2 protein chains.
Amino acid sequence: MRERVALIGAGPSGMSLLRALALAEDAGAAVPEVVAFERQDDWGGQWNLDWRTGADRHGEPVHSAMYRDLWINGPKECMEYPDYPFDAHFGRAVSSYLPREAMRDYIVGRVAEVAGRIRPEIRFATAVRWVQPLEGGGFAVTSEDLVTREAVTERFDRVVVATGHFHTPHLPSWPGVETFPGQVQHAHDYRSPEPYTGRRVLVVGSSYSGQDLALQLHRAGAAHVTTAYRARPQDIAWPAGMDEAPEVQGFDGAEVTFADGSTAEYDAVLLCTGYRHHYPFLPRELALAGPNLLAPFGLWKGVVWHADPRVLYLGATQQLFTLTLLDAQAFFARDVLLGRVPVPDEEERRADMDAWFERMTRIDGPPAALAYQGAYIQDLSSHTDCPEVDVEAVARTFLEMRDARIEDVRTFRDRRHRSTVTGTLAAAHPVPWMDRPDDSLEEYLHRFPA
Amino acid sequence: MRERVALIGAGPSGMSLLRALALAEDAGAAVPEVVAFERQDDWGGQWNLDWRTGADRHGEPVHSAMYRDLWINGPKECMEYPDYPFDAHFGRAVSSYLPREAMRDYIVGRVAEVAGRIRPEIRFATAVRWVQPLEGGGFAVTSEDLVTREAVTERFDRVVVATGHFHTPHLPSWPGVETFPGQVQHAHDYRSPEPYTGRRVLVVGSSYSGQDLALQLHRAGAAHVTTAYRARPQDIAWPAGMDEAPEVQGFDGAEVTFADGSTAEYDAVLLCTGYRHHYPFLPRELALAGPNLLAPFGLWKGVVWHADPRVLYLGATQQLFTLTLLDAQAFFARDVLLGRVPVPDEEERRADMDAWFERMTRIDGPPAALAYQGAYIQDLSSHTDCPEVDVEAVARTFLEMRDARIEDVRTFRDRRHRSTVTGTLAAAHPVPWMDRPDDSLEEYLHRFPA
């Protein structure tokens, strides 16, 4: 009998898996029956913007953390599918940094060829409520159609978890935070900078996203923006009106105390404190937990759930390479599902996981982290026919971007990088990012000759 | 064998049910085994304030819509448990309007006598993930301990749903809302007025909560506050800096068009558009749906799920009488569980529901609505030994409050009402509500001689 696979989530990872399966089928493989469950009304995962915060139109937690004016925070040349160049998608050279709609258009375009076959495999507006391992083998998956409210429980042989990990915000606490009179908002609920105009804003968290939001607020006229870092100061030459501070110790009304004993008053706090692995539909023995790591706990090859290899994860890894990483995982997962990649025994899996984990602990900075994830992608791809990524070239582009960011965080998005796939040099967007260019796909494309 | 009952939710309704069962047990009744599941870390439901929005400390959707500076929006004399006067609880006469902490203190105080017995029946920080009716009878309830992440599935004979219906916001949409540059926030995520200071704010929705938030923003220095109503203008003499407008038709950037064709620009939008019945852990055939009504669809006596009387709901009704209503429902539910109140056959239930529904459709204003819910409480109580509420006297107090609100929405909370239980006239709070009196329990109580 044909195996049945439940795929939970139809964002970029799930889309990659469905595409990879379709390609294998075209090449003559017998593929399992896949039912994909997507809580949103459309595919695209994080790349779908919802103006709502809190609850979506079905009353479910809003999935996406996207905001207006989001432009990718690394060059597109670091995210390019080797078999689907940006040039080819847009029919022209475009800038290195894309607005959200353009990026989403590219991701959807990549699966266009098989869309007519794979889209019907997805049940949109359908939430998985519970996955129960069955004693006789397989899983009972209970899902609910969010429109009809009809729930069904079905048996599957395997489960692929591709729900991502940027949907459930992590909100740590600090002494006195409840006395802060202004808004304390997590980045997940941020949509536009205007509410912060004229305000003194504390951005907690100095990841790239934290940096980006700080800059968005500064650009849109916040009175002052401080970024609080946890570990060490950022390599950023802050422009006037921006600065940074060490870790937050506590709040006393509007006054915030930092780890160096300094204090300052703020009108608003924006928490860029990350996300949590959150799988409320999975029993603990199947649910990934822990911090956002390059080698997440308990996943062989970052994909196969060690404790129960019938469960696979996609996109659970900390992302540097993003789309190409997700694609490599999807091809690997596909070949595990097809039996082309045998899952070794427990001991061998454990040894491999330990080796990668140990290697991860020796990462001493961005170049090493990029080399690590590059090697990981190569390792995955060595088992499959995933399009090959020139990981060294991409890593070099990353580091160019990093230098540009350090030099001037306001202008790094105006830089042009060269495709590692086609060799094309990106076009220049005529409007500097700091001047807030229109971020609609249509207006964006008008800026570049076809 | 002793029946097993799963109680989902330990807010005021669940607390009332646990207390009522304890009282029956004291009087010699054989009571079922109850396991209560509470997602929050403490009991009190909506009365627990979480500074977080979006996700709580476990990554679950934040339950409570409470905000700083919340004072009850109807007099305490309309919410008083007949067997637990406010005077007795606080050991003194206090004002008619209480801040959140004082109200919560009263609700918790009511169950203090039995707390040592009923609190251990509650599994805190535990979310019910799925309720599955079993073919052999009963229900399989799968719950997850949010701290250990351990999930268990247990069999229960009956299920009592007491999760409330103010946790999942209803966010309707309007043409162009995604182009609005400022913050569009649902009241569920509102915590304090400061983010709105100096802003032109559109409050959508003119319920009492909408009115209250509009006033909070005005009091804290919003540049202007417009309240958009759906049906008809409110009976409110708006002070300078506040006004109202008919239904929103659409957005074009910051400009909002109303049903009368008028337009105005705003900096922020606060959606007081209500909540939805949302029971993501229940299959459709057990899940209440529809609008917030005095007689919700499909509930016999507002408590017993008509389609499957092994399922009971508490607090699913639109609330005018609030605490006393919830208590009457809890006593009724208890006596259904104890077999003291027989559940009639389908036809008789249907006839009763239809009669109440039909009566509801004839309600033509607040006095009729109060009379309706008063009669409903009396009907419930006639089957139980629930403490008797003087519903006519409470309705009169409601209407006094309504007149005071119409007269001056800024000062109605300074009025003093008389207890329908003890005859005590409320004390005067020395600080007018518009001057933003300290809302901590300690500071509040200092204002009144013991």
Side-chain angles (χ1 to χ4, degrees), chain A residues 49-62 68 127 129-130 132 142 144-145 148-153 168-173 177-186 188-189 191-199 254 267-268 275-278 280-285 287 289, chain B residues 49-62 68 127 129-130 132 142 144-145 148-153 168-173 177-186 188-189 191-199 254 267-268 275-278 280-285 287 289:
Chain A
L49 175 66
D50 192 341
W51 65 266
R52 293 176 176 86
T53 57
D56 70 13
R57 75 180 189 95
H58 305 295
E60 298 295 303
V62 168
R68 290 168 206 146
R129 296 301 187 202
W130 194 249
Q132 185 64 45
T142 300
E144 182 177 352
D145 181 316
T148 67
R149 293 286 161 192
E150 187 154 12
V152 291
T153 301
T168 302
H170 170 59
L171 287 88
S173 195
V177 61
E178 70 283 356
T179 68
F180 185 78
Q183 183 155 285
V184 184
Q185 184 175 54
H186 190 279
H188 190 261
D189 289 344
R191 291 292 179 271
S192 66
E194 283 76 2
Y196 295 92
T197 305
R199 308 293 204 227
D267 303 306
Y275 292 85
R276 44 204 300 167
H277 286 293
H278 191 62
F281 50 86
L282 287 180
R284 181 178 59 167
E285 62 270 25
Chain B
L49 175 66
D50 191 341
W51 64 267
R52 293 176 176 87
T53 57
D56 71 13
R57 75 180 188 95
H58 304 294
E60 299 294 304
V62 168
R68 290 167 205 146
R129 295 301 186 201
W130 194 250
Q132 185 65 44
T142 300
E144 183 177 353
D145 182 315
T148 67
R149 292 287 161 192
E150 186 154 13
V152 290
T153 302
T168 301
H170 170 59
L171 287 88
S173 196
V177 62
E178 69 284 356
T179 68
F180 185 78
Q183 182 156 285
V184 183
Q185 184 175 54
H186 190 278
H188 190 260
D189 289 345
R191 290 293 178 272
S192 65
E194 283 76 2
Y196 295 93
T197 304
R199 308 295 204 223
D267 302 305
Y275 293 85
R276 44 203 301 166
H277 286 291
H278 191 62
F281 51 86
L282 288 180
R284 182 178 57 167
E285 62 270 24

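Since this is a predicted model, take the numbers as computed values, not measurements. Both backbone and side-chain heavy atoms feed into the values below; hydrogens, waters and symmetry mates do not. Naming: A, B, ... by sequence-line order, numbering from 1 per chain.
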* Asked: Arg149(B) side chain to Ala289(A) main-chain N or O, any donor-acceptor pair under 3.5 Å?
  -> no
* Structure fact -> Applying a strict 4.5 Å limit to non-hydrogen atoms, the region of Pro172(A) in contact with chain B is backbone
* Structure fact -> Rounded to the nearest 0.5 Å, the NE2 atom of His58(A) sits from the NE2 atom of His278(B) at a distance of 10.5 Å
* To do: Under 4.5 Å, counting heavy-atom pairs only, tell me which of Thr197(B), Asp145(B), Leu49(B), Leu282(B) racks up the most with chain A.
  => Thr197(B)
* Pairwise side-chain contact, Ser173(B) with Trp51(A), heavy-atom cut-off 4.5 Å (strictly under) -> yes
* Asked: How many angstroms lie between CD in Glu194(A) and CZ in Arg199(B), if you round to the nearest 0.5 Å?
  -> 9.5 Å
* Does some side-chain heavy atom of Pro181(B) sit less than 4.5 Å from a side-chain heavy atom of Ser192(A)? -> no
* Closest-packed option against chain A by number of heavy-atom pairs under 4.5 Å, given Ala268(B), Ala55(B), Gly54(B), Pro61(B) -> Ala55(B)
* Asked: Would you call Arg284(B) and Glu144(A) a side-chain contact if the rule is heavy atoms closer than 4.5 Å?
  -> no
* **Heavy-atom contact with chain B under 4.5 Å, split by part of Thr148(A)** => both
* To do: Could you look at Tyr196(A) and say if it's the side chain, the backbone, both or neither that has a heavy atom under 4.5 Å from chain B?
  => backbone
* What part of His188(A) gets closer than 4.5 Å to chain B, counting heavy atoms only: side chain, backbone, both or neither? -> neither
* To do: Select, from Thr168(B), Asp50(B), Asp267(B), Thr142(B), the one with the greatest count of heavy-atom pairs under 4.5 Å involving chain A.
  => Thr142(B)
* To do: Please look at Gln132(B) and chain A and tell me whether the side chain, the backbone, both or neither of the residue comes under 4.5 angstrom of a heavy atom of that chain.
  => side chain
* Structure fact -> Highest number of heavy-atom pairs under 4.5 Å with chain A among Arg68(B), His186(B), Glu178(B) belongs to Arg68(B)
* **Asp56(A), part contacting chain B, at a heavy-atom distance under 4.5 Å** => backbone
* To do: Go through the atoms of Tyr275(A) and report whether side chain, backbone, both or neither lie under 4.5 Å from a heavy atom of chain B.
  => neither
* To do: Counting only heavy atoms closer than 4.5 Å, note whether Phe180(B) contacts chain A via side chain, backbone, both or neither.
  => backbone
* To do: Quickly, which of Gln183(B), Arg191(B), Arg52(B) forms a side chain to side chain contact (heavy atoms under 4.5 Å, CB included) with Gln185(A)? Name it, please.
  => Gln183(B)
* Structure fact -> Turns out that what part of Pro280(A) lies under 4.5 Å from chain B's heavy atoms comes down to both
* Sort Thr53(A) into side chain, backbone, both or neither according to what part of it lies under 4.5 angstrom from a heavy atom of chain B. => both
* Asked: By a 4.5 Å heavy-atom criterion (distance strictly below it), what part of Asp189(A) contacts chain B: side chain, backbone, both, or neither?
  -> side chain
